[in-house]
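Take a look at the structure below.
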Amino acid sequence: MAFSSSVSLLLLQLMVVVSLFHVSSAGRKLTELVQEQPLLQYHKGSLLSGQISVNLLWYGKFKPSQRAIVADFITSLTTTQTTQTQQPSVLTWWKTTEKYYHLSSKKPSSLSLHLGKQLLDENYSLGKSLTSKQLVQLAARGEQRNAINVVLTASDVAVEGFCLSRCGTHGSSPSHQMKNVHNKKYKFAYIWVGNSETQCPGQCAWPFHQPIYGPQSSPLVAPNNDVGLDGMIINLASLLAGTATNPFGNGYYQGSAEAPLEAASACPGIYGKGAYPGYAGELLVDSTTGASYNAHGVNGRKYLVPSLYDPTTSSCSTLV
């Protein structure tokens, strides 16, 4: 495995200065309402660019309705599919990543994500307790050229480090399928996100579940009425932003390459204006369901997506 970065426990981000991806000393104090923003540096590496398929591997039991929540979120990132989407939109949120490309010295073409193939492994082919190495093995089942392979594990699957130090991870690995004209293997990008519904919702599904540490505010109503899946969307969104802007460990980040702050993890716990530890910020609320959200997606979906670091203003950018 060439590079890996993890989404750490969301509540620990806020209360004991753990970032979305790794432990960091650049956290916010409990008395601070606004965190001093870091400066993400560009380390001259390649960014993902062009047409990229997001392939989904569902490991374990997921309902079709749950798979649709994630599939619609990926589709919401595609310009051609979201031109009519109500604002603020998932697409508008994603466009913040384009600013990283404009500032890159390599000036790569822009990145366009689209939903690729979906693979089902409902029989737990590698068992219900997975190592980090096995996650890469699962990710390698997807097409590896011009792709991000996403492994999504069900709520009854234990993963190495899950709930103890991370809610998900992203990284890259040498391709086992493709070689270039110089007979060198390509690297492919992968993401893993776990469903924390029963294992650690107070850590990995906040703010849709009561936190286990820190200020005890009431949990928000999940926009898709599924605490586990709506929590997965937050972590998947964070990891997609990190994958796009730091896919191979030498793109945009601050701090150690082994424990980087990236596009989303530089803005922990911020979802709307006025956010502070234990409070996600001023969000939109569905008048019918009471659900909190900050982005519209395709098929009438609503999502909560994390704040992204805006490299042009050196600040965290929110949709609402």
Side-chain angles (χ1 to χ4, degrees), residues 7 20 47-60 62-98 110-121 135 138-139 141-154 167-172 188-195 222-226 228-247 262-264 293-306 308 319:
V7 168
L20 275 167
L47 309 183
L48 290 187
S49 62
Q51 298 290 325
I52 301 293
S53 298
V54 180
N55 302 311
L56 306 178
L57 189 145
W58 299 91
Y59 190 84
F62 286 91
K63 299 175 183 178
S65 59
Q66 293 179 314
R67 297 199 296 268
I69 293 171
V70 177
D72 284 348
F73 176 73
I74 300 301
T75 303
S76 299
L77 299 168
T78 306
T79 304
T80 57
Q81 295 293 326
T82 57
T83 52
Q84 302 301 316
T85 298
Q86 187 176 350
Q87 295 297 322
S89 69
V90 172
L91 175 62
T92 301
W93 169 81
W94 183 249
K95 281 187 172 296
T96 299
T97 63
E98 294 181 359
S110 61
L111 171 64
S112 177
L113 301 181
H114 64 273
L115 182 63
K117 295 182 178 179
Q118 299 191 56
L119 305 176
L120 303 183
D121 189 338
L135 292 176
L138 291 171
R141 293 180 183 178
E143 295 181 354
Q144 298 172 12
R145 185 74 184 273
N146 298 323
I148 302 172
N149 292 334
V150 181
V151 178
L152 301 145
T153 52
C167 303
T169 192
H170 85 84
S172 64
F188 73 93
Y190 68 86
I191 290 172
W192 158 71
V193 180
N195 185 341
N224 293 285
N225 197 33
D226 190 316
L229 264 292
D230 280 299
M232 292 182 81
I233 290 295
I234 292 175
N235 295 319
L236 175 59
S238 300
L239 291 164
L240 280 170
T243 300
T245 58
N246 188 31
E262 298 175 322
Y293 66 99
N294 59 8
H296 293 270
V298 299
N299 296 326
R301 295 281 186 189
K302 296 178 175 67
Y303 296 102
L304 185 67
V305 293
L308 292 181
L319 287 174

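Note: hydrogens, waters and symmetry copies are ignored here, and every other heavy atom, side chains too, is used. Along the sequence shown, residues carry numbers from 1.
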Atom pair [atom1] ([X]) and [atom2] ([Y]), whose distance is rounded to the nearest 0.5 Å:
{"X": "Leu239", "Y": "Glu262", "atom1": "CG", "atom2": "CD", "result": "8.0 Å"}
{"X": "Asn195", "Y": "Asn235", "atom1": "CG", "atom2": "CG", "result": "10.5 Å"}
{"X": "Leu48", "Y": "Ile148", "atom1": "CG", "atom2": "CD1", "result": "5.0 Å"}
{"X": "His114", "Y": "Thr75", "atom1": "NE2", "atom2": "OG1", "result": "10.0 Å"}
{"X": "Leu113", "Y": "Thr97", "atom1": "CG", "atom2": "OG1", "result": "8.0 Å"}

Mark yes or no for whether [X], through its side chain, and [Y], through its backbone, hold a donor-acceptor pair below 3.5 Å.
{"X": "Ser76", "Y": "Val298", "result": "yes"}
{"X": "Asp121", "Y": "Tyr59", "result": "no"}
{"X": "Ser172", "Y": "Ala189", "result": "no"}
{"X": "Asn149", "Y": "Arg141", "result": "no"}

Exercise: identify the closest heavy-atom pair between [X] and [Y]:
{"X": "His296", "Y": "Gln86", "value": "CB-O, 3.1 Å"}
{"X": "Gln66", "Y": "Leu229", "value": "NE2-CD2, 3.3 Å"}
{"X": "Trp58", "Y": "Gln118", "value": "NE1-OE1, 2.9 Å"}
{"X": "Ile191", "Y": "His170", "value": "CG1-CB, 3.8 Å"}
{"X": "Tyr190", "Y": "Ala139", "value": "CB-CB, 3.6 Å"}
{"X": "Leu152", "Y": "Met232", "value": "CD2-CE, 3.5 Å"}

Is any side-chain heavy atom of [X] less than 4.5 Å from a side-chain heavy atom of [Y]?
{"X": "Val70", "Y": "Val193", "value": "no"}
{"X": "Leu120", "Y": "Phe62", "value": "no"}
{"X": "Ile234", "Y": "Leu304", "value": "yes"}
{"X": "Ile74", "Y": "Leu236", "value": "yes"}
{"X": "Leu115", "Y": "Leu56", "value": "yes"}
{"X": "Thr153", "Y": "Trp192", "value": "yes"}

Check side-chain hydrogen bond (donor to acceptor under 3.5 Å, both in side chains) between [X] and all other residues, then give those that pass, not counting sequence neighbours.
{"X": "Asn224", "answer": "Asp230, Arg301"}
{"X": "Thr92", "answer": "Gln87, Ser89"}
{"X": "Thr96", "answer": "none"}
{"X": "Asn299", "answer": "Asp72"}

Whether Trp93 and Phe73 hold their rings parallel, tilted or perpendicular, with breakpoints at 30° and 60°: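 The rings of Trp93 and Phe73 sit tilted, inter-plane angle from 30° to 60°.
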Non-neighbouring partners of Ala244 that pass side chain to side chain contact (heavy atoms under 4.5 Å, CB included), sequence neighbours left out: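 Scan of Ala244 (side chain to side chain contact (heavy atoms under 4.5 Å, CB included), adjacent residues dropped) gives Trp94, Tyr101, Leu111.
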